[in-house]
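Chain A is the first sequence line, chain B the second, and so forth, proteins listed ahead of strands; every chain is numbered from 1.
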Amino acid sequence: MFSHNQIFYVVVTLTSLIQPYSCKSTRDDPNEVVFVNVIFRHGDRSPIETYKNDPYSNASYWPMGWGQLTNKGKMQHYEFGRWMRDRYSKLLPEQYHRSDIYVQSTDVDRTLMSVESHLAGLYPPVTSQIWNQNLSWQPIPIHTVPESMDYILSQKKPCERYDYELKKAKSSSIMKAVNEKYKQLYQYVTLHSGKKIDGVLGILDVYDVLFIESLYGFGLPDWTAAVFPEPMKTVSSIAFMLPSLSQEMRRLKAGPLIGQITKHLEKKSRGKLTPDRKLWIYSAHDTTVAAVLMALNLYNSAPPPYTAAIIFELRKNSANEHFVSLYYRNTTDQPPYELVLPGCLFYCPLDQFILLTKPVVPDDWQSECESSYNISSLVMHNIYVVAMEEKLHGSSHLQETQPGNPIKISEDLLVCKSALLVTRYFIEVRLLVVSVKSVKMYLAFIDFKSLSLIRSP
Amino acid sequence: MYRGTRNSILQYCEPPKRGTFSMVTVLGFAIATIFLAYLSFGSSPKAEPTLRFVSIVHRHGERVPTFTYPLDPFQNESFWSEGKGQLMNIGKLNIYELGKFLRSRYDGFIPAKYKSSHIHVRSTYADRCIMSAQVLLAGLYPPVDSQIWNKDLLWQPIPVHSVPRNMDNVLICGTTPCPLFVKEKAAVVNSSIQKMMDEHRQLIDHLSKMTGVEMKSVMDIELLYDNLLIAEEQGYKLPEWTHGIYPDKLKPFAMASLSVFSETPTLKKLCSGLLIHEIITNMQNKTSSADFDRLLTLYSAHDLTVLSLWRSLGVVQEVPKPNYGATFIIELHQMSNKYFVKLLYKNHALDKELTVLNIKGCDSVHDGMCDLDHFATALKSVSISNYDQECNK
């Protein structure tokens, strides 16, 4: 390829072009939360559909209708709203003000109702906003987009390229291996449930019904004892990975939502967010939560439970530097889990955060859906992540994660490993932050075709 | 439930054993009060037994002005704590009352227990419309029995499906690109509207001078009228210059501004065609499909939506300027094997009486109702199912 000297020359040139940056610039912990974006799943619901041999398929078992929020679900989100009020009491004034928050929901009954309940807990009317002496509730606007047109939150707008990628993912070697491993399970569940199952998504459908029925104390049929919850639960969690298996899929699935959030964070940090919001709420589904976690390489291999939430906090330290801290709230038993974005620290400098998430954010979703796109930005990203991991942790923990980690099962890691050989030179000259532009220049020296990475439909 | 209470009152008042005067007076007064309360708030089934389906298109409740002008004495935010264009507390309360009005009118037809398949609620993108829909539902569906999920809060969440402004061709006029709409509207503005502006040049120049903003179109004057109307309603003293001008001289401009959007047959189609089509289709589905569970569709929208619908339907009565909570009701009734449409209207959320409306081409055959088939036929030319197709005609 090319000699060390050449690379050294490139590196030196690049370092002189970009501003020096130290990871240790954190003078103090960024304690002030200035802005919050949260994506959550709806609360407890009735089954969305039933399976053929379900002894509880009669609608009378679920008087609220299929896929509807239950009283328990309303209470869960009401309590979640109260938790938010408590956690962000400094950030959010008690009085609702239309500029402080923006609320978006998928256009589905249970998500709309969940966020209504959430807001009832977050903003009980106070002082001049009490409009009805007998009712401690006030209306707050919730915005929706019809599902067929919503590529940001419900992620249901048709996308040809995505459909192609999904098909490809389903027949990928890893999914073939999964299907081979659980072939007997598929046959067993098909036989007893009466529902034809030929993949992980089919198992998830039945698992979801069984899960809810067991939650409500309905006695499950005997056949389920051998497969529920395990291994059905494990297979279901793979069903949440499948829609975001490859980087291309992540870009087209959760990418626009992540892009919208990073745009909010970036604008807010520059004082350019108008109106100057304090909280952005996204009310959505387990699929949405899983897709975002997958895109951030943070999925914990468990189906997101009711009210599961990803919280993005934009924080500021005394030196006015902005950081993003991520949390996953999947239980009420303890404070939310801190998530560390691969390639960054828990308090992730905003610039870093944007840079690290950029590769999964499409520039123009619509046109990307209509055409193949250049993979180099993804490769670039992976090189960068692995390099940062090595610098921060001595090695990349991406390689040490449990079996089934999406990174490992995708081909991306191979790319990273090959690229690492070259990347080490960067680390040696302590090049910690590389602007996208300079990475592009660097990539220009590598013949990626030789790594046989260019894939197109 | 209420019937039980009434029976117990009757039992109680039957044996007047101790006949002291004061006792009788007190009792009589108490009973009278309860009866009066019963008459006005009673929730006994009142819905007509012939009712099959209801569509309601209403305007949001009282709001803050969406427009202010440089010389506006009330432009400071302190006069309007909720913010520009936002629903005010009085608006919340009045639309909540509208919800209660609908509950009393349709109780027995629309079950007290909320069920998602019974009702669909659609709102425009606007905060005030989404919020109005929410408070209306709070009045229509206070939780009962097993639906009380929080005993300290007698409210329950009910989905309101709103549509972004640039995607809404059902309740909003001309917000998605449509060359035909632009062309048609411009033609109206350049002819009759321009004529109106020219004829009142002196008045318009005066308005520009007094407000500090150039009044370039009827819409500018409509917004000014709206601003003054709200300030007056809120008890603010209007500036001197408005005397003799507001409301009488400005109202025709406000009406003209709203009417532009439904002035020609093409504009009527583009502005209200999808809505009319949806309303008729729902009624027809109700007559033909037993699976169509829905009883009520609510549309939370604007004065322009209500006024355009009125004109596009060809209602024979004179067009009003829709007030806050103006409510347009389209009821489907069944009598033996025939279906009939009844149109009802009230101009403000709190108005007690509903006016029966009639449309051209569909004569009332029974109690202000006209035949559903005739109704659909009469509206065939204005009802559309594909907006883009109409735009490119």
Check your understanding: For A/Pro124, is it the side chain, the backbone, both, or neither that has a heavy atom closer than 4.5 Å to a heavy atom of chain B?
Key -> neither
**Study point:** Per-residue contact mode, A/Ile130 against chain B (heavy atom under 4.5 angstrom)
**Key:** backbone
Practice item. Please look at B/Ser162 and chain A and tell me whether the side chain, the backbone, both or neither of the residue comes under 4.5 angstrom of a heavy atom of that chain. Key: both
Check your understanding: With distance as the sole criterion, is a donor-acceptor pair present between the side chains of B/Gln134 and B/Lys92 under 3.5 Å?
Key -> no
Point to revise | chain B contact residues among residues 99-114 of chain A, heavy-atom distance under 4.5 Å | key: A/Asp107, A/Asp109, A/Leu112, A/Met113
Point to revise | NZ/NE/NH1/NH2 to OD/OE distance under 4.0 Å, B/Lys286 and B/Asp293 | key: no
Check your understanding: Relative to chain B, which segment of A/Met75 carries a heavy atom at a distance below 4.5 Å: side chain, backbone, both, or neither?
Key -> both
Check your understanding: Is the side chain of B/Asn227 donor-acceptor paired with the backbone N or O of B/Phe67 at a distance under 3.5 Å, no angle test?
Key -> yes
**Study point:** Per-residue contact mode, A/Gln95 against chain B (heavy atom under 4.5 angstrom)
**Key:** neither
Exercise for review: Quick one: list whatever passes side-chain contact (heavy atoms from CB on, under 4.5 Å) with B/Arg165, sequence neighbours left out.
Suggested key: B/Tyr125, B/Thr175
Practice item. Could you please state which residues from residues 78-94 of chain A sit under 4.5 angstrom from chain B, measuring non-hydrogen atom to non-hydrogen atom, sorted by number, or 'none'? Key: A/Tyr78
Check your understanding: Does any N or O in the side chain of B/Thr281 come within less than 3.5 Å of the main-chain N or O of B/His277, such that one atom is a donor and the other an acceptor?
Key -> yes
Point to revise | side-chain contact (heavy atoms from CB on, under 4.5 Å) involving B/Ala133 - partner list, sequence neighbours excluded | key: B/Val121, B/Val160, B/Ser300
